[in-house]
Amino acid sequence: MTKAAVYYFDNNATTRVAPEVIEAMLPFLKEYWGNPSSAYQFGHQVAAHIDEAREKVAALINADPREIIFTSCGTESNNSAIHSALVTHSNKKHVLTTAVEHSATIKFCDFLQRHGYEVTYLPVESDGSLDLHLLEKSIRPDTAIVSVMLANNETGVIFPVEEIAAICRSKGTLFHTDAVQAAGKLKIDVEEMGVDFLSLSAHKLHAPKGIGVLYVKKRTRYHPYVIGGTQERGRRGGTENVANIAAFGRAAELAIGGLQDENARVRGLRDKLEDGILRVIPGTVRNGAKEPRLPNTSNIAFEGVEAEGILLLMDQLGICASSGSACTTGSLDPSHVLLAMGCGAARARGSIRLSLGIYNTKEEVDFVLKHLPGIIEKLRATAPVTAGS
Ligand SMILES: *Cc1c(COP(=O)(O)O)cnc(C)c1O
């Protein structure tokens, strides 16, 4: 099977598994396949490697290894944090979050709303930022948990989580942050941030899909979401996904090593790509604040065209990008994040996200810059004229 060239600019959807990470997994598929909970040596050996991976992931966020729970994905981690807060504070029925969270938070909150809980979705400013004064005012005596992401997956906009955590502490409310997009791109220090819960997902940092982490601060009460065996010190039932856990450990180690140099390089490429598009193609504008922002993400609106058309023509050249989040594509609805920023439906529908990663090259950026102007020109020449966009 021959594989056509792929120009991958969708690293916020998922990332290529690093060769080093694949190497780290293989022993647990080939030789050390025992159940880590078994009483014999063949099981214990495996358990020791889980501990090692747990230490490495803990180091990525400056946590104690005992504060790390391995889950099946970032979605499970987000669900689990909110679920735990509601179970351990059963007299509190209110959840405070934002209108721009990932569907892993929003859809779970929608579900809660249909089952007797109250949810407030905080609006954002036009640059995607939050009004912290409004956030503070929105915390109620019956607010069980506040959940605000560390960095937005569609625009890359970074929220001041340290300040939000301090507000929550002063109000006696638990705080969760979805750090799935931030991990590997920003330095994360749970001690400095002062969060109760923090979610990670391995496939956003060059490990396989299907493995996540929920950090739970030492003295924060926790009630399991997946109930069964006593794995993860009774906090998450289910036989451990050992190969994926080992992969996450190795990916965390690589991420720590590349945090400065790799991200500086990725930022350079992202800026070259974004500046190039905004300069060369008329009728373009960036969605979301320029800073503070993830170093790899660019979200751009193209006046008078539909993202669907852009993505289709890019795909014919092997360029992978997306409109909104991969978890909501397939629906014709414009991005809930861009709508919350007040973009308007037409602009939201004409926006695409380009998200870079450590494997992107200058040549790939040049390839996009070479072809995108022609794509937009072609679409504009054939598009029906839309009134006043
Ligand atoms: C990808 C993503 C998730 C979901 O993680 P999965 O492991 O795919 O379930 C949650 N939050 C954000 C911000 C994401 O980008």
Side-chain angles (χ1 to χ4, degrees), residues 8-17 21 57 60-61 68-83 97-111 121 124 128 130 145 147-159 161 164 176-186 188 193 195 197-215 225-226 236 238 241 244-245 247-248 251-252 255 288 292-299 320-330 335-338 340 353-357:
Y8 192 73
F9 287 87
D10 204 14
N11 285 274
N12 288 9
T14 197
T15 56
R16 174 184 160 188
V17 181
V21 169
V57 175
L60 179 67
I61 59 172
I68 301 295
I69 302 173
F70 285 110
T71 66
S72 70
C73 59
T75 301
E76 185 190 321
S77 299
N78 286 0
N79 286 202
S80 303
I82 297 168
H83 168 265
T97 186
T98 81
V100 297
E101 297 301 305
H102 189 272
S103 52
T105 299
I106 296 218
K107 291 287 173 70
F108 188 66
C109 287
D110 291 348
F111 165 82
Y121 300 95
V124 293
L130 273 176
I145 188 165
S147 180
V148 177
M149 64 203 328
L150 180 43
N152 186 271
N153 47 302
E154 293 192 28
T155 59
V157 168
I158 296 169
F159 290 124
V161 160
I164 298 170
H176 163 253
T177 190
D178 173 348
V180 169
Q181 285 298 340
K185 298 166 192 158
L186 305 175
I188 299 178
M193 287 196 297
V195 297
F197 303 104
L198 179 143
S199 301
L200 301 173
S201 177
H203 78 97
K204 305 288 173 74
L205 66 155
H206 306 289
K209 296 151 195 68
I211 183 78
V213 150
L214 179 66
Y215 156 86
Y225 181 68
V226 177
R236 202 266 181 188
N241 188 340
N244 272 6
I245 289 172
F248 203 165
R293 185 166 57 136
L294 291 177
N296 79 316
T297 308
S298 180
N299 194 311
C320 306
S322 73
S323 62
S325 135
C327 311
T328 47
T329 41
S335 150
H336 70 282
V337 174
L338 299 183
R353 176 186 75 187
L354 295 152
S355 50
L356 288 75

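Just follow the structure's listing: the first ligand is 1, and inside any ligand the first atom is 1. FYI, the numbering just counts along the sequence from 1.
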Checklist entry - Any N or O of Ala151 that comes nearer than 3.5 Å to an N or O of ligand 1? => result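 The answer is no, given that Ala151 and ligand 1 share no N or O pair closer than 3.5 Å.
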
Checklist entry - When only distance counts, is Asn153 in polar contact with ligand 1, meaning an N/O pair under 3.5 Å? => result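 Min N/O separation from ligand 1 is not below 3.5 Å for Asn153.
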
Item to check | Beyond-backbone contact of Leu198 with Ile188, side-chain heavy atoms, under 4.5 angstrom | outcome: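 Heavy-atom side-chain distance check passes, below 4.5 Å.
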
Next on the checklist: Are the side chains of Tyr225 and Leu214 in contact, using a 4.5 Å heavy-atom criterion?
Outcome noted: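 No, too far: nothing below the 4.5 Å cut-off.
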
At a 4.0 Å threshold, what atoms of ligand 1 neighbour a non-hydrogen atom of [X]?
| X | value |
| --- | --- |
| Thr75 | 4 (C), 5 (O), 6 (P), 9 (O) |
| His203 | 6 (P), 7 (O), 8 (O) |
| Cys73 | 6 (P), 7 (O), 9 (O) |

Look at the side chain of [X] and the backbone N and O of [Y], then say whether any donor-acceptor pair between them is shorter than 3.5 Å.
| X | Y | value |
| --- | --- | --- |
| Thr15 | His203 | yes |
| Ser355 | Asn12 | yes |
| Ser201 | Lys204 | no |

Using a heavy-atom cut-off of under 4.0 Å, does the side chain or the backbone of [X] touch ligand 1, or both, or neither?
| X | answer |
| --- | --- |
| Lys209 | neither |
| Ser201 | side chain |
| Val180 | side chain |

Item to check | side-chain contact (heavy atoms from CB on, under 4.5 Å) partner of Val148, the single match among Thr177, Asp178, Leu130 | outcome: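 Output: one option passes, namely Leu130.
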
Item to check | From Asn152, Thr14, Asp178 - option closest to atom 10 (C) of ligand 1 by heavy atom | outcome: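 Going through Asn152, Thr14, Asp178 one by one, Asp178 has the nearest heavy atom to atom 10 (C) of ligand 1.
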
Checklist entry - For atom 2 (C) of ligand 1, which of Lys204, Glu76, Glu154, Gln181 has the closest heavy atom? => result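 Of the listed residues, Lys204 has the closest heavy atom.
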
Item to check | Residue list, side chain to side chain donor-acceptor pair (under 3.5 Å) with Glu76, at least two apart or on another chain | outcome: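 Only Ser72, Arg236 meet the side chain to side chain donor-acceptor pair (under 3.5 Å) criterion with Glu76.
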
